[in-house]
**Q** 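Once you've had a glance at the structure underneath, I'll fire off some questions.
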Amino acid sequence: MKYYVTYNQNNGLSSFDSLFSDLFSDWGVSRSKIPPVDIYETEKSYVIEAELAGYKQDEVQVNVDKHVLKLSSNKESLKDVDGKKSLVRERYFKKFERSFSLPEGIDEEKIEGEFSDGVLTLTLPKKKEVLPKTIEVKIK
């Protein structure tokens, strides 16, 4: 199963400027722009497990279009609440989009997802292969 990743980069900074911005902005805080995933294959399906700690089910979108499965969210980091001043801010959320090119033989209509304990598990069932039939040809 092949996959590719797309990013939402709307900051307008050059790669060079972005390097220093990322390097000095949040020391010691992971700033990954995409959720980590595990992908494995069973006899009947492929399974994608995405770590989405801090996200709610309704904050994550999953869809399939032209044999590409897209996982995305528009959630952004929390803002200071009136009367509260943040002293330490280590929980960080960023818009993300991650895409996976689906292999032949996936039954796209039967893809299922389950969101539990900050992990989204997507099950991509394989189509039942059509077994070749032996056809007897009668010769006259």
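The basis for the numbers below is simple: all heavy atoms, side chains too, and nothing from hydrogens, waters or symmetry mates.
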**Q** Contact between Arg98 and Lys70 at the side-chain level, heavy atoms closer than 4.5 Å - yes or no?
**A** no
**Q** Are the side chains of Val37 and Phe100 in touch, meaning some heavy atoms are under 4.5 Å apart?
**A** yes
**Q** Using the rule that Ile, Leu, Val, Met, Phe, Trp and Tyr join whenever any side-chain heavy atoms are under 4.5 Å apart, tell me whether Val119 and Ile39 fall into a single cluster.
**A** no
**Q** Measure across Thr121 and Glu49 and return the closest heavy-atom pair with its distance rounded to 0.1 Å.
**A** OG1-CG, 3.9 Å
**Q** Any chance CD of Glu41 has more than 12 other-residue heavy atoms, nucleotides or ligands included, within less than 6.0 Å?
**A** yes
**Q** So, using side chain to side chain donor-acceptor pair (under 3.5 Å) as the criterion, who are the partners of Ser116 when residues are at least two apart?
**A** none
**Q** Apply side-chain contact (heavy atoms from CB on, under 4.5 Å) to Glu108 and Leu102, showing your working.
**A** CA-CA 9 Å; Glu108 295 177 4; Leu102 299 178; 3.8 Å; yes
**Q** Side chains of Leu124 and Ser45, heavy atoms from C-beta outward: is any pair under 4.5 Å?
**A** no
**Q** Report yes if the side chains of Leu122 and Glu112 come closer than 4.5 Å at any heavy-atom pair, otherwise no.
**A** no
**Q** Are the side chains of Thr123 and Tyr46 in contact, using a 4.5 Å heavy-atom criterion?
**A** no
**Q** Would you say Glu43 and Lys126 make side-chain contact, with heavy atoms under 4.5 Å?
**A** no
**Q** Compile the donor-acceptor pairs under 3.5 Å between side chains in residues 54-66 and protein atoms, sequence neighbours left out, one pair per line.
**A**
{"residue": "Glu59", "atom": "OE1", "partner": "Lys56", "partner atom": "N", "Å": "2.8"}
{"residue": "Glu59", "atom": "OE1", "partner": "Lys75", "partner atom": "NZ", "Å": "3.3"}

**Q** Taking the side chain as every heavy atom from C-beta outward, state whether Phe96 and Leu71 have any pair of such atoms under 4.5 Å apart.
**A** yes
**Q** To the closest 0.5 Å, what do you measure between CG (Leu52) and OG (Ser73)?
**A** 8.0 Å
